[in-house]
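First the structure, in the form of structure tokens, and then the observations on it.
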Protein chains: 2
Amino acid sequence: MKPFIVIAEDEAAVSELLRYNLEAEGYEAAIAHDGEEAMLLINERVPDLILLDWMLPKVSGIEICRRVRARQTTANLPIIMLTARTEETDRIRGLQTGADDYVSKPFSNNELMARVQAVLRRIRPALVEDIITVGDIMIDRATHSISRAGTDIHLGPTEFRLLEFLAQHPDRVYSREQLLDGVWGSDVYVELRTVDVHIGRLRRALMINGRDNPIRTVRQAGYSLRKN
Amino acid sequence: MKPFIVIAEDEAAVSELLRYNLEAEGYEAAIAHDGEEAMLLINERVPDLILLDWMLPKVSGIEICRRVRARQTTANLPIIMLTARTEETDRIRGLQTGADDYVSKPFSNNELMARVQAVLRRIRPALVEDIITVGDIMIDRATHSISRAGTDIHLGPTEFRLLEFLAQHPDRVYSREQLLDGVWGSDVYVELRTVDVHIGRLRRALMINGRDNPIRTVRQAGYSLRKN
DNA sequence: TGCAAGTGTCACATATCTGTCAAACACACA
DNA sequence: TGTGTGTTTGACAGATATGTGACACTTGCA
């Protein structure tokens with residue numbers, strides 16, 4: 001399951017950008033525009049991480065931090081404080097109040113993502129799902145192994161990532177463009193047709209000892225991994 | 001010592017099969033047929049893992065999960081929920097309540113075992129035992145000695161630590177970066193490729209009198225020590 | 001001081017994977 | 001049944017990643 005992150009940030013531009021980036025990295029994110037909303041969100045569903053603006057309307061960030069820490073169920077919930085202030089004293093105060101980390105605005109997306117990952121790793125080592133199963137296909141990311149109906153299957157790096165990607169949303173059809181973006185990365189340029197070739201290779205690997213083809217071709221649209 | 005697993009599952013056919021399979025994999029398992037029994041078992045001896053049916057007579061699975069989490073001694077006890085339901089909401093609810101993973105019935109034995117291992121792997125990071133065995137390789141930390149299938153093997157300090165590190169989570173793939181961090185320390189700077197060289201040396205040492213290569217290379221990902 | 005053992009780097013040898021193409025093949029539609 | 005379009009597939013020439021021998025340098029010890 002995707003880690004769930006609450007963004008408590010008043011400024012719409014910042015919070016939307018954050019959400020966009022977090023979701024692109026595979027997190028689920030919800031936005032609260034003030035302190036009250038944030039507490040509601042947190043009560044409703046305990047997040048895996050809070051990105052918390054220091055200055056927040058209604059209930060201040062620092063107060064939220066206190067309340068979160070005071071409660072049993074959320075006492076260890078990781079918090080990253082966002083703040084415009086850069087002075088050492090504020091940093092110390094933030095950390096004293098119980099924030100796990102601290103990023104001052106303006107921050108680079110890279111930096112923030114790195115911190116988010118670091119904090120999640122530290123607090124709860126393996127939030128990313130280690131094992132995904134789709135039908136009789138099993139993907140174990142920790143051991144980097146794939147099996148189908150119990151038989152181990154060897155895949156090259158690209159096919160591995162491709163399967164991993166398709167498996168995140170079984171039955172969902174991905175266009176070649178989306179696959180290139182998600183598997184190869186948006187910065188490299190390769191022919192669209194290359195996707196077909198890799199799909200073919202993946203198919204051949206998965207159709208081991210006479211099993212059926214688990215990848216569906218949707219003409220004019222793309223490919224999807226069958227759920228059943 | 002064998003990891004001890006409590007199976008809280010009403011249906012006799014399922015629970016017996018589970019016990020059989022778990023014991024075949026080298027775990028010790030006890031069965032509870034309802035929620036009360038489960039709590040008794042857990043109180044009597046804290047297990048390493050609970051396989052918990054969502055629907056359980058007397059005290060429900062979800063309630064057990066809560067109680068286990070509420071108590072200090074068992075707060076971090078890994079729980080895998082078993083359930084017939086497959087809906088996303090249930091899954092979320094299960095994970096929210098504090099289950100570490102989730103398997104929906106009917107499940108394949110392979111999948112369940114993989115998940116059991118994954119959960120144990122991540123929750124019990126480094127069991128500080130003096131002697132670790134992985135396959136036919138034995139590491140004695142007390143005497144700092146290694147043997148394979150009974151034959152003593154001499155390793156340099158770095159190769160020793162490398163093997164020790166890999167052996168903590170057999171089959172798990174470590175990237176070169178992780179290995180540098182864990183074996184060399186995050187403060188020293190050495191070339192990434194140095195890892196390869198040491199892996200090579202370790203391999204040569206371990207492949208004594210014609211034994212097979214116990215270290216798997218995963219292209220673009222890293223290395224792992226084979227369990228079998 | 002000399003020696004033995006261990007280390008990190010490099011350069012080259014190998015192994016493996018990739019992207020592209022073109023020809024073969026499927027499919028929808030007239 | 002023919003036609004145009006989209007997909008599959010085998011072959012292949014790089015491109016990349018990994019394996020490994022050599023070597024210079026350090027360290028601990030006799």
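Note that the structure is predicted; figures quoted are calculated from it, not measured. Each chain gets a letter, A, B and so on, in the order the sequences are listed, and its residues count up from 1.
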How many whole angstroms separate atom [atom1] of [X] from atom [atom2] of [N]?
X         : N       : atom1 : atom2 : result
Arg203(A) : dT9(D)  : CZ    : C1'   : 11 Å
Leu202(B) : dG19(D) : CG    : C1'   : 14 Å
Gln220(A) : dT5(D)  : CD    : C1'   : 8 Å
Arg216(A) : dT8(D)  : CZ    : P     : 13 Å
Arg176(A) : dT5(D)  : CZ    : C1'   : 12 Å

From dG8(C), dT16(D), dT7(D), nucleotide with atom closest to Arg219(B) side chain: dT16(D)
Applying side-chain contact (heavy atoms from CB on, under 4.5 Å), can you list everything that pairs with Leu192(B), at least two apart in sequence or on another chain?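 side-chain contact (heavy atoms from CB on, under 4.5 Å) check on Leu192(B) returns Arg176(B), Glu177(B), Leu180(B).
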Of Ala221(B) and Arg204(B), whose closest DNA chain D nucleotide lies nearer the 5' terminus? Ala221(B)
Give Arg201(A) one of three labels, base, sugar-phosphate or nothing, depending on what nucleic acid heavy atoms sit under 4.0 Å from its own. base
Using a heavy-atom cut-off of under 4.0 Å over every strand shown, decide if Tyr223(B) touches base, sugar-phosphate, or nothing. sugar-phosphate
With side chains defined as the heavy atoms from C-beta onward, is the minimum distance between [X] and [Y] less than 4.5 Å?
X         : Y         : result
Leu49(A)  : Tyr27(A)  : no
Trp184(A) : Thr194(A) : yes
Leu51(B)  : Leu112(B) : yes

Any residue of residues 191-200 of chain B with a heavy atom less than 4.0 Å from an atom of DNA chain C: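 Output list: Glu191(B), Thr194(B), Val197(B), His198(B).
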Hey, which sits more toward the 5' end of DNA chain C by its nearest nucleotide, Gly156(B) or His154(A)? Gly156(B)
Please name the pair of heavy atoms, one in Ile137(A) and one in Pro214(A), separated by the smallest distance, quoted to 0.1 Å.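 So the minimum-distance heavy-atom pair works out to CD1-CB, 3.9 Å.
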Contact summary for Ile139(A) and Ala167(A), nearest pair of heavy atoms: CD1-CB, 3.5 Å
